[in-house]
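So the structure is just underneath, and the comments pick up after that.
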Amino acid sequence: MMEAVHASGHNAPTHSSEMVGPQDHAAHLEHAELQVHNQPLAAIHFVAVFFFGVSCCVLFFYSIQHAAHAGWPIIITRVMEAIASYIPYGGAILIILMLLNITHQGHLFHWMDPELTDPNSAHFDVILFEKRIFLNIPFYAVRTFIYVLGASFFSWKLKAQSKKVDETNSRTEYQMLYRWAVGYIAFFGFASAAWAWDWLMSIDPHWYSTMYIWYSMVSCLSSGIAVIILLSVYLKKNGFLPQFNDNHLHDLGVFLFATSMLWTYTWFAQFMLYWYANIPEEVNYFFGRFQHYSPTFLPMLIINFLLPLLVLVSSSIKRNYKVVTIMAIVVICGHILDYFNMVMPGTVGPYWKTPEVFMLILGAILFVVGLFMFTVLSALSKLKLIPTGNPYLHESEIYEYPF
């Protein structure tokens with residue numbers, strides 16, 4: 001299989017680093033063998049990063065509402081806090097993956113190979129040598145701990161402060177909730193950009209993009225809003241959250257539509273600018289995906305852009321529980337596919353159209369989704385669903401969309 005792919009596909013590499021160092025037959029087979037060995041870790045990596053990003057984006061959305069003193073979403077405050085409870089568990093998976101990679105048990109990140117930054121090595125890569133100040137193993141490990149521990153701390157602190165507001169009905173405690181929400185917004189702004197560089201973009205270390213950090217973050221933000229919709233509607237339909245009504249659903253539908261359009265803008269702007277520039281090491285990122293990932297790369301635009309545009313553009317349809325719920329599921333599936341396209345080409349390359357890879361991907365998705373559902377619903381069962389101490393609760397209960 002490796003012989004066949006590399007005999008036909010060397011002119012369309014999925015990784016620009018393939019063009020650096022020895023170009024003989026043995027070197028190509030060595031690279032192909034690493035790509036095959038990457039299959040299990042790559043499968044869990046893209047799902048783990050995605051759901052960690054989703055829970056962090058939900059906490060970001062939650063913090064924005066508090067920082068803006070928004071009244072309409074107070075009814076779903078506990079829903080967002082429960083989703084954010086996944087952060088430490090998702091972060092633990094990413095720390096395990098980080099340890100496997102830095103100890104060279106995995107090879108998802110090409111730049112971790114010490115030979116590439118050794119000027120005396122036949123595999124010396126001058127681009128990675130210049131980037132070694134940022135892309136080095138100790139600093140990478142420290143940054144990963146900062147992202148995970150920082151997000152976990154804010155998740156715990158915001159939940160604890162929200163509970164204190166309920167218990168005391170104190171405006172002073174509510175002001176502290178506001179301040180911690182602003183603090184998380186600042187942390188998330190820097191951390192989400194940096195973990196996109198570390199966990200996703202550094203898979204293709206020769207390539208870079210100024211749009212990538214927003215593109216990857218908005219993918220998770222859109223999915224996070226979809227998860228809020230699914231959980232809120234589930235609670236409503238089972239009688240646990242009767243205060244959630246068509247007006248709340250409409251506003252969540254507006255955010256789902258808006259973030260889907262924003263994702264499309266970032267995807268297209270990134271793609272168009274690189275196509276227009278036509279610089280080989282930049283275009284290669286897309287060329288390899290066209291060549292080896294054509295069934296998933298462009299078709300995901302149908303799921304992530306076209307369907308939300310056609311279905312959610314109507315204001316009245318956003319009040320339809322069944323339609324909005326289906327679209328939420330579609331958006332989540334579409335963005336899982338998006339993260340698949342971010343990670344797999346640079347780690348697994350052409351070796352993904354096999355039954356065992358599909359089983360690995362399915363197993364990884366079921367494992368992470370199962371853990372996500374278990375932690376979120378367990379956290380929700382321990383929370384008081386209505387935040388009675390919040391000063392904007394009444395506004396949320398009587399909220400009515402004016403149009």
Side-chain angles (χ1 to χ4, degrees), residues 50-51 54-55 57-62 64-65 68 70-84 218-267 299-338 365 369 372-373 376-377 380 385-387 392-403:
F50 175 74
F51 277 95
V54 165
S55 53
C57 281
V58 168
L59 191 61
F60 173 62
F61 186 72
Y62 167 93
I64 287 174
Q65 306 308 321
W72 73 271
I74 303 306
I75 287 297
I76 56 171
T77 289
R78 296 290 186 253
V79 171
M80 293 186 278
E81 289 177 4
I83 296 169
V218 171
S219 188
C220 287
L221 181 59
S222 186
S223 302
I225 292 166
V227 172
I228 295 171
I229 290 171
L230 291 177
L231 195 51
S232 300
V233 172
Y234 173 78
L235 293 172
K236 167 80 172 179
K237 294 300 182 182
N238 285 277
F240 298 111
L241 197 62
Q243 296 89 343
F244 183 81
N245 58 43
D246 297 0
N247 299 288
H248 302 108
L249 181 70
H250 177 277
D251 275 22
L252 286 171
V254 168
F255 278 107
L256 185 64
F257 175 76
T259 51
S260 296
M261 296 307 104
L262 179 57
W263 175 87
T264 308
Y265 163 73
T266 56
W267 185 94
M300 74 175 176
L301 290 173
I302 298 171
I303 308 172
N304 292 334
F305 165 60
L306 195 59
L307 289 178
L309 174 66
L310 296 177
V311 175
L312 293 175
V313 71
S314 165
S315 184
S316 58
I317 206 80
K318 295 187 187 79
R319 297 170 179 271
N320 187 310
Y321 283 82
K322 185 174 291 186
V323 172
V324 175
T325 302
I326 291 171
M327 284 311 303
I329 295 170
V330 167
V331 165
I332 293 169
C333 293
H335 288 295
I336 289 175
L337 187 61
D338 182 22
I365 292 173
V369 169
F372 182 81
M373 291 174 64
V376 169
L377 293 174
L380 195 63
L385 277 180
I386 303 300
Y392 293 95
L393 175 62
H394 181 63
E395 181 180 335
S396 185
E397 289 176 328
I398 64 169
Y399 173 69
E400 185 173 344
Y401 189 70
F403 301 107

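Everything numeric in this text was worked out from a predicted model, so none of it was measured.
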Quick one: are [X] and [Y] in side-chain contact, heavy atoms under 4.5 Å?
{"X": "Val376", "Y": "Val227", "value": "no"}
{"X": "Pro387", "Y": "Ile74", "value": "yes"}
{"X": "Leu252", "Y": "Val324", "value": "no"}
{"X": "Ile75", "Y": "Glu397", "value": "yes"}
{"X": "Trp267", "Y": "Met300", "value": "yes"}
{"X": "Asn304", "Y": "Thr264", "value": "no"}
{"X": "Ser315", "Y": "His250", "value": "yes"}
{"X": "Leu377", "Y": "Leu231", "value": "yes"}

In Å, rounded to the nearest 0.5 Å, how long is the span from [atom1] of [X] to [atom2] of [Y]?
{"X": "Leu221", "Y": "Phe61", "atom1": "CG", "atom2": "CZ", "result": "7.5 Å"}
{"X": "Leu310", "Y": "Phe305", "atom1": "CG", "atom2": "CZ", "result": "8.0 Å"}
{"X": "Arg319", "Y": "Asp251", "atom1": "CZ", "atom2": "CG", "result": "8.5 Å"}
{"X": "Leu380", "Y": "Leu385", "atom1": "CG", "atom2": "CG", "result": "5.5 Å"}
{"X": "Arg78", "Y": "Leu235", "atom1": "CZ", "atom2": "CG", "result": "13.0 Å"}
{"X": "Ile326", "Y": "Leu307", "atom1": "CD1", "atom2": "CG", "result": "11.5 Å"}

Problem set entry | Residue Phe240 excluded, over 12 heavy atoms near CZ under 6.0 Å |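 Atom CZ in Phe240 is not crowded, with 12 or fewer foreign heavy atoms closer than 6.0 Å.
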For [X] and [Y], indicate whether the former's side chain and the latter's backbone hold a donor-acceptor pair under 3.5 Å.
{"X": "Ser223", "Y": "Val54", "answer": "no"}
{"X": "Asn245", "Y": "Asn247", "answer": "yes"}
{"X": "Ser396", "Y": "Trp72", "answer": "yes"}

Exercise. Should Leu306 and Leu301 be marked as a side chain to side chain contact (heavy atoms under 4.5 Å, CB included) after you check the CA-CA gap, both sets of side-chain angles, and the distance that decides it?
Worked result: CA-CA 7 Å; Leu306 195 59; Leu301 290 173; over 6 Å; no
Heavy-atom pair with the smallest gap, counting every atom of [X] and [Y]:
{"X": "Ser222", "Y": "Ser260", "value": "OG-OG, 3.5 Å"}
{"X": "Pro242", "Y": "Lys236", "value": "O-NZ, 3.2 Å"}
{"X": "Ile228", "Y": "Met80", "value": "CD1-CG, 3.7 Å"}
{"X": "Gly334", "Y": "Ile303", "value": "CA-CG2, 3.6 Å"}
{"X": "Ile386", "Y": "Leu241", "value": "CD1-CD1, 3.8 Å"}
{"X": "Pro308", "Y": "Val331", "value": "CG-CG2, 4.2 Å"}

Exercise. So His248 and Tyr399, would you call those rings parallel, tilted or perpendicular, with 30° and 60° as cut-offs?
Worked result: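 Answer is tilted, since the angle falls between 30° and 60°.
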For this session: Describe, in one word, how the ring planes of Phe372 and Phe51 are oriented to each other, choosing from parallel (under 30°), tilted (30 to 60°) and perpendicular (over 60°).
Result: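 Tilted, since the angle between the ring planes falls between 30° and 60°.
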Problem set entry | CA sep, side-chain torsions, deciding dist, call: Val311, Phe257, side chain to side chain contact (heavy atoms under 4.5 Å, CB included) | CA-CA 9 Å; Val311 175; Phe257 175 76; over 6 Å; no
For this session: List the steps, then state whether side-chain hydrogen bond (donor to acceptor under 3.5 Å, both in side chains) holds for Trp263 with Asp338.
Result: CA-CA 11 Å; Trp263 175 87; Asp338 182 22; 2.9 Å; yes
